[in-house]
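These values consider heavy atoms only, across backbone and side chains, with no hydrogens, waters or symmetry-generated copies.
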Amino acid sequence: MILSSPDKLFDAYVFDMDGTIYLDEDLLPGAKRLIEGLRSLGKPVRFLSNNPTKDPELYVEKLERLGIPTPVSEIANTVVTTTRWLKMHHPDATVFPISEEPLKKALAEAGIKMSENPEEIDIVIASYDRTFEYRKLQIAFDAIWFHKRAFLITTNPDKYCPFPGGRGEPDAAGIVAAIEATTGTKLKANMGKPEAAMLEAALGDLDVDPKNCMMVGDRLGTDIGMAVNTGMASTLVLTGDSTYAEAQGLDEEHQPTYVLERVDHLIPESIRSDWGWIDED
């Protein structure tokens, strides 16, 4: 793990978005020219997010607004991976999504049956849900504990969603914990980073070996964790959640390959020099 630019280019790049490319409604320094530079070099770029409160089209709109036009095919989030996993592994299941509307919309469009009747629920989906209430916990409890027919999955394992100014908001891990604590069950599957399902959704249309690709993000547990789990090189950018000290504190096998203070330093220094890049906000 070194605090310096990679000395080579990779076959493809997979980026977390919030905390890596932008923070709230502001691009992070160097992000726009980095993506433009990688694309000019013919390097495929893909974007990932553990946020299940938006459908991919909303990310298209946001990246366009921030000056990084991106087709929807290059974006995957946990709405995509959860729906894809259910269609692949449990196409006939009846699910109870504790979630916000984008996931429910995607499930409906995919023809996946949803219900709030515990007697017919096969899978409880715990997700980021700002309308979570005791009624929903009771439905999950009855489906899993009383009727003993449902199992629990989550869209993402994040404990909180970071906001600008050091604030945050509880994320899906809190809902998972409530269900596990009350029912005694254990989570069966996670659809977000650091699991390989996210990487499969991102790179599935590319003929590349993940070992020759780079995962870039601001969170050790999810972004860098997924790279470790799948054998990818990884870069931690210090513009979001995790710190250099936290990375140093990990076992060597769980550390990122590189640590950068700004994301455009992914481009090797020799190329940046040829392009005349200087570090500006």
Side-chain angles (χ1 to χ4, degrees), residues 1-23 27-51 63 68 70 74-77 158 162 192-196 198-203 206 208-273 275 277 279-281:
M1 182 185 75
I2 56 175
L3 187 60
S4 67
S5 298
D7 59 3
K8 67 174 185 176
L9 293 166
F10 290 78
D11 291 347
Y13 291 80
V14 181
F15 290 91
D16 173 59
M17 287 184 276
D18 201 357
T20 302
I21 299 298
Y22 56 73
L23 192 59
L27 276 174
L28 287 165
K32 184 175 186 291
R33 72 177 183 181
L34 166 69
I35 302 303
E36 292 173 344
L38 289 174
R39 287 172 171 167
S40 74
L41 293 167
K43 300 299 180 180
V45 171
R46 297 292 184 268
F47 296 100
L48 295 182
S49 175
N50 265 8
N51 187 342
L63 289 170
I68 307 177
T70 300
E74 295 181 4
I75 297 172
N77 71 338
D158 302 81
K193 297 173 289 184
E195 298 305 313
M198 285 293 283
L199 182 63
E200 293 167 2
L203 299 179
L206 297 175
V208 294
D209 185 341
K211 292 182 174 57
N212 297 324
C213 300
M214 171 66 78
M215 176 67 212
V216 187
D218 69 304
R219 286 191 167 194
L220 290 167
T222 52
D223 303 321
I224 307 308
M226 186 181 73
V228 170
N229 289 345
T230 56
M232 292 178 71
S234 62
T235 295
L236 175 71
V237 287
L238 303 177
T239 49
D241 183 63
S242 297
T243 66
Y244 186 61
E246 290 170 339
Q248 284 184 307
L250 295 174
D251 295 336
E252 186 174 349
E253 64 182 12
H254 292 104
Q255 290 180 348
T257 315
Y258 303 95
V259 180
L260 300 178
E261 292 182 341
R262 48 186 295 147
V263 74
D264 55 347
H265 284 188
L266 276 173
I267 300 290
E269 186 176 3
S270 60
I271 298 177
R272 298 201 317 269
S273 178
W275 287 350
W277 283 11
D279 291 349
E280 298 176 340
D281 291 343

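Counting non-hydrogen atoms of neighbouring residues, nucleotides and ligands closer than 6.0 angstrom, the CD atom of Glu269 reaches no more than 12 such neighbours. By the neighbour-count criterion of 12 heavy atoms within 6.0 Å, atom CD of Glu36 is densely surrounded, having more than that number from other residues, nucleotides or ligands.
Heavy-atom minimum distance, Gln255 versus Ser234: O-OG, 4.4 Å. Shown here for Pro44 and Leu206, the closest heavy-atom pair between the two residues is CB-CD1, 3.7 Å. Between Asn51 and Ser49 the shortest heavy-atom distance is N-OG, 3.0 Å. Here the closest heavy-atom approach between residue Ala227 and residue Ala233 is recorded as CB-O, 4.0 Å.
Side-chain atoms of Asp251 never come within 3.5 Å of backbone atoms of Glu253 as a donor-acceptor pair (strictly under, hydrogens ignored). Panel note: side chain Asp241, backbone Asp218; no donor-acceptor pair is recorded below 3.5 Å. The backbone N or O of Ile267 lies less than 3.5 Å from a partner atom in the side chain of Arg272, making a donor-acceptor pair.
Within the structure, side-chain hydrogen bond (donor to acceptor under 3.5 Å, both in side chains) pairs that include any residue of residues 219-232 comprise Asp158-Arg219, Lys193-Asp223 (at least two apart or interchain).
Remark: Leu236 CG to Leu220 CG distance equals 5.0 Å, nearest 0.5 Å. Atom CG in Leu63 sits 5.5 Å away from atom CZ in Phe47 (nearest 0.5 Å). Here the CG-CG distance, from Asn212 to Leu9, works out to 12.5 Å after rounding to the nearest 0.5 Å. Of the inter-residue distances, the one linking Ile68 atom CD1 with Met17 atom CE reads 10.5 Å to the nearest 0.5 angstrom. Between the CG atom in Asp18 and the CG atom in Asn50 there is a gap of 11.5 Å [rounded to 0.5 Å]. Taken to the nearest 0.5 Å, the CG atom of Leu48 stands 4.5 Å off from the CE atom of Met198.
Of the options Val237, Thr239, Thr235, a side-chain contact (heavy atoms from CB on, under 4.5 Å) to Val263 is made by Val237 and by none of the others.
Partners of Asp264 according to the side-chain hydrogen bond (donor to acceptor under 3.5 Å, both in side chains) rule, which considers only residues two or more places apart in sequence or in another chain, are Arg33, Arg262.
Relative ring orientation between Tyr13 and Phe10 is described as perpendicular, the plane-to-plane angle rising above 60° on a 0-90° scale split at 30° and 60°.
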